[in-house]
Amino acid sequence: MKDIEFKILENREIARDVFRMVLDGDTSEITAPGQFVNISLPGRYLRRPISICDWSKNKLTLIYKVVGHGTEDMSYMETGEYLRALMPLGNGYDIAAAPENPVVAGGGVGVPPLYALTRKLVEAGKHPYVALGFNSKEDVFYEDEFRALGVPVNVATVDGSYGKKGFVTDLIGDHSYAFSCGPLPMLKAVYSRVQDGQFSFEARMGCGFGACMGCSTRTKDGYKRICKDGPVLSWKEIVW
Amino acid sequence: MKDIEFKILENREIARDVFRMVLDGDTSEITAPGQFVNISLPGRYLRRPISICDWSKNKLTLIYKVVGHGTEDMSYMETGEYLRALMPLGNGYDIAAAPENPVVAGGGVGVPPLYALTRKLVEAGKHPYVALGFNSKEDVFYEDEFRALGVPVNVATVDGSYGKKGFVTDLIGDHSYAFSCGPLPMLKAVYSRVQDGQFSFEARMGCGFGACMGCSTRTKDGYKRICKDGPVLSWKEIVW
Amino acid sequence: MVDISTELSGIHLDNPVIPASGTFGYGREYWDLYDLDILGSISIKGTTVEERYGNELPRIAECPDGLINSVGLQNPGMDAVIHEEIPELAKHFHKPLIANVSGFSIPEYVRLAEAMDAVKEVGILEVNVSCPNVHGGGMAFGTSCQNVAEVTREVKKVTSKPVYIKLSPNVTDIASIAKAAEDAGADGLSLINTLLGMRIDIRRRQPVIANKMGGFSGPAIFPVAVRMVYQVAKAVKIPLIGMGGVSSAEDVIEMMMAGASAVQVGAANLVNPFACQQIIEDLPELCRELKIEKLSDVIGVIV
Amino acid sequence: MVDISTELSGIHLDNPVIPASGTFGYGREYWDLYDLDILGSISIKGTTVEERYGNELPRIAECPDGLINSVGLQNPGMDAVIHEEIPELAKHFHKPLIANVSGFSIPEYVRLAEAMDAVKEVGILEVNVSCPNVHGGGMAFGTSCQNVAEVTREVKKVTSKPVYIKLSPNVTDIASIAKAAEDAGADGLSLINTLLGMRIDIRRRQPVIANKMGGFSGPAIFPVAVRMVYQVAKAVKIPLIGMGGVSSAEDVIEMMMAGASAVQVGAANLVNPFACQQIIEDLPELCRELKIEKLSDVIGVIV
Ligand SMILES: Cc1cc2nc3c(=O)[nH]c(=O)nc-3n(C[C@H](O)[C@H](O)[C@H](O)COP(=O)(O)OP(=O)(O)OC[C@H]3O[C@@H](n4cnc5c(N)ncnc54)[C@H](O)[C@@H]3O)c2cc1C
Ligand SMILES: Cc1cc2nc3c(=O)[nH]c(=O)nc-3n(C[C@H](O)[C@H](O)[C@H](O)COP(=O)(O)OP(=O)(O)OC[C@H]3O[C@@H](n4cnc5c(N)ncnc54)[C@H](O)[C@@H]3O)c2cc1C
Ligand SMILES: Cc1cc2nc3c(=O)[nH]c(=O)nc-3n(C[C@H](O)[C@H](O)[C@H](O)COP(=O)(O)O)c2cc1C
Ligand SMILES: Cc1cc2nc3c(=O)[nH]c(=O)nc-3n(C[C@H](O)[C@H](O)[C@H](O)COP(=O)(O)O)c2cc1C
Ligand code: FES
Ligand code: FES
């Protein structure tokens, strides 16, 4: 874990209130998709946790939705400005544990970390099937980017304005293994339809690196810190 | 009084730890030299009061010394950045009250407001004599600018490394009328050597515009708020 | 149309936003900046029986997200306030005022209440039992249930105007003090006054302010203020005016959800003289966003 | 050469900087980040007799210049701390530790003290009588002189290690509580613990944290902490560990000038895991600038 200064290469709206930020800086410590960074913002006391959407050498992509003061501040940042983030944080997804044909199921701003996950799954020779859910047409993002990875992608919207009308779960049916990230009700729904898998959770965080117990949640294997022992928990240990 | 957004045109060190900042923005409400602005700085709760050194249409010059966190923040600001200031504040010097040959006596960062004052005195057809005091050679600034106004200028430094060795008062002798700004001991010394004059004071401020009574000081005419009834007080009303 | 009006003891307020005592003087510094009639009410500078110069300078210390003041109740005294300041203010503000008063003994509080009772512009009497800036003064009253009850009872005897007791946050159990005031007949409560704080100038090796300690306020104290408003709202039935760090329309709504019927804005006026105007402008839009049709509906919604 | 060392009850500290209980766990999250031996000491996470999961999520709320936590003393319990956590930590930190303990009754405090007394790595016992996050727990003890005195007396009976009582700031008169602890035999005092605070999520119309209220800390509370350290330093003769919002070398010196012999750094570690390292690096240079040759000379210089 390092506190790294990144330079903003790009920061633009890619869907309603959803921004993609591309950063230049040291990404060498990232070990797995599903890890996150914790962003320091001037005037905000706590850092903001945002999943790593994708990375390469010295390049980091984040996708965030403006939902409050901090993400609003971020949306005003401009190319060339600097931003500090503590990273990489969390365990990330375990690709080795995946079967040949996992489903990758994401909803809303749960979608970003699944992009690098899918890329890594493909690179590892697996054949993931991607199911993405959004509220409405204007909220959809990254469908093409997922497709460009050469995997089957389906999209659902709650209001039916794009893709299939309904939820992510309507796209996947029952399945043996899922990678998932998204709002709690979605995670629950996916959980109930699979026999195994890995689920990424959110929690209000004090530190983001395991020191404060601010994000400790009960699991079947005792308490786990979402920030350090998670954010990815395995199907078997989750208690709802 | 308005809360005005200024654009920084210049911000550079002109003497040891002393910076000149030239700003672009609405200066139309300034009524007298000796008034000040109160600068809002991100991350600092209170504004910083800085004297108006000079102004013209849409152009404002400030000179400030780095003495703490806020002025340090200011020193890092760059051309093109924006800065908000509440202005104009305070009464300023009353030029009409001056005799033909006043002395203008300034010390350290008390010098800046005296520049526009001297310019205005000259424009009003008076013949001020300017005496400036600094600690050391590296602290001296604006001597040439004062001279360019066509007035006699003398400089003293405490350590004698430039100009006359000694204090401002060593440059002026006894005099009938003084305009002064500088550290308290200097003001006292000048006060004791003149029969009349106008003196500019400093105080820790809450608001800077007269609302909080944070800067109220006793005078012979009752209490006065340095920020609103001052910063310039007349020789006759001052109690030390 | 969003309804942002509220009510304090039968007095209608067009909106809940009230500049806090001591940060708005008697209005003079603000009435050229914006139309004061946009305000819900105004709490005037704390007034004492006699004129007071207040404490020595420096009186102000900066803090992270706040400031310490030790003004020490500088004011021209009750007579000047009633005969000069309030009439002047009344030319610019045409709604009931809140008269904030501070005594140094029960008889002084009574005299102040009697005097303010006769002033038609005064809608509410705000009895400051909590100013930490006056030695031997308000602090003692504000930290004991008995004293608060006694001041309340005596003041109530001499005025028919609603009496709001302004509570000190520097106590172990604010709810019990609030209860004592309510039981003694208070019509409402204002809270919180400033937290007692201190800063040291490490270069000069002296306290920043001459009085050593002073009243700490601003956004930094907001979480303490929300907590106390919440605790008091659960303990009493009388209306509350919430304050402490309020600086935005969001803060106003948070205070009201905690249990405040109206809200005072203090330190924010000092760093942004247009703060109250801005908040009042922002309120309707924020209410719409939060699907609040009638702002007073959210008072105390947090269970 | 500037001397930044200090002393607590005969224990030499290389410097006054100590991570505060609850923000440094048992060191695990930090020992890969920097050499822990640079620290003056470490106050370990509050330990209870039994293992505790703590409060429900969410446990964290952001505030202006601070945060509220309601962790609720999550810890693996005294036995695991003594047999697993402390031995592990001792591999990375080779100086006396501060063992922070919290009981839910006097006998529990006694058991904790007895157990920690036997641990050679423990230099000081820090008795938390003030955690606001535990219902029916520490809060009650920490706000009454009698209780604080009783806990102190009982704990002192069973340990020969220096006993520091950690005081709650949520009281009317912290000096009298400090005095009660001193009179009962406390070797030192730690202050302040968190202020009780609350935030409301105005969109969800619910308190941000599950427990409604929680402990507020960070730079926002620094002026209150400095004031309390100053008041307590004037009231007692035993050494103080000052804390509350300390985030920079300047803050350390301000706390020490107010009267603290050493300083704990809490919330700052969470937002900047390198905070203590940075502060320790900055201290000598700042001392030089302030013409301080021996840092311990400035303890309590403010009259
Ligand atoms: C591990 C993890 C990964 C995340 N990845 C992404 C992502 O890739 N893209 C994205 O858009 N969002 C992501 N989030 C959610 C994101 O952290 C919040 O939307 C963001 O913190 C909101 O900040 P704000 O200042 O705009 O909101 P405010 O409501 O103003 O924030 C107030 C406080 O609450 C916290 N907070 C608010 N919402 C959340 C939340 N949902 N989860 C955790 N803390 C919250 C903030 O961090 C801050 O401390 C992630 C959250 C976690 C825990
Ligand atoms: C009317 C007036 C005009 C001034 N004009 C100038 C000028 O033209 N050039 C210049 O260099 N300085 C001037 N000063 C002094 C200047 O305001 C301070 O140097 C500056 O506020 C220090 O801020 P800081 O954040 O660097 O210091 P810090 O010590 O970090 O500031 C902490 C707090 O103390 C206040 N403070 C500190 N020193 C002073 C001071 N001397 N006077 C008032 N408040 C202070 C700050 O405003 C802030 O609120 C003037 C002061 C006043 C009152
Ligand atoms: C400069 C200043 C002067 C104050 N004077 C008074 C006063 O005279 N009477 C009073 O009851 N409260 C006074 N207060 C307290 C405020 O009215 C308010 O209760 C407190 O500042 C908390 O609100 P804030 O955080 O919005 O400032 C004063 C506060 C400040 C900052
Ligand atoms: C997340 C968190 C957990 C804490 N846990 C404890 C604890 O277990 N025992 C204790 O005595 N204090 C605990 N505290 C209080 C701190 O030790 C410290 O007294 C307080 O936070 C003030 O310091 P700060 O402003 O630097 O954080 C905790 C504080 C935080 C922020
Ligand atoms: S956020 Fe601090 S332990 Fe997870
Ligand atoms: S600083 Fe507020 S009245 Fe002068």
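Just so it is clear, the model here is predicted, and its values are computed rather than measured. The figures here come from the full heavy-atom set of this structure, side chains too, leaving out hydrogens, waters and symmetry mates. Naming: A, B, ... by sequence-line order, numbering from 1 per chain.
Contacts of residues 218-232 of chain D with chain C at a heavy-atom distance below 4.5 Å involve D:P219, D:A220, D:F222, D:P223, D:V224, D:V226, D:R227, D:Y230, D:Q231, listed in sequence order. Residues of residues 252-260 of chain D lying under 4.5 angstrom from chain C, judged on non-hydrogen atoms, are D:I253, D:E254, D:M257, D:A258 in numerical order. Proximity to chain C among residues 238-246 of chain D is not found for any residue, judged by heavy-atom separations below 4.5 angstrom.
In terms of heavy-atom pairs under 4.5 Å with chain D, the best-connected choice from C:V171, C:I200, C:I292, C:V303 is C:I200. In terms of non-hydrogen atom pairs under 4.5 Å with chain D, the most contact-rich of C:I302, C:I68, C:V301 is C:I302. With chain D as partner, the option from C:P207, C:S247, C:P64, C:G66 having the largest number of non-hydrogen pairs under 4.5 angstrom is C:P64.
Among C:T172, C:D173, C:N170, the single residue meeting the side-chain hydrogen bond (donor to acceptor under 3.5 Å, both in side chains) criterion with D:T172 is C:T172.
When heavy atoms are compared at a cutoff of 4.5 Å, D:L290 approaches chain C by way of both its backbone and its side chain. With a threshold of 4.5 angstrom between heavy atoms, C:I202 approaches chain D through its backbone and through its side chain.
Residues passing the salt bridge (Lys or Arg N to Asp or Glu O under 4.0 Å) test with C:K212, sequence neighbours excluded: none.
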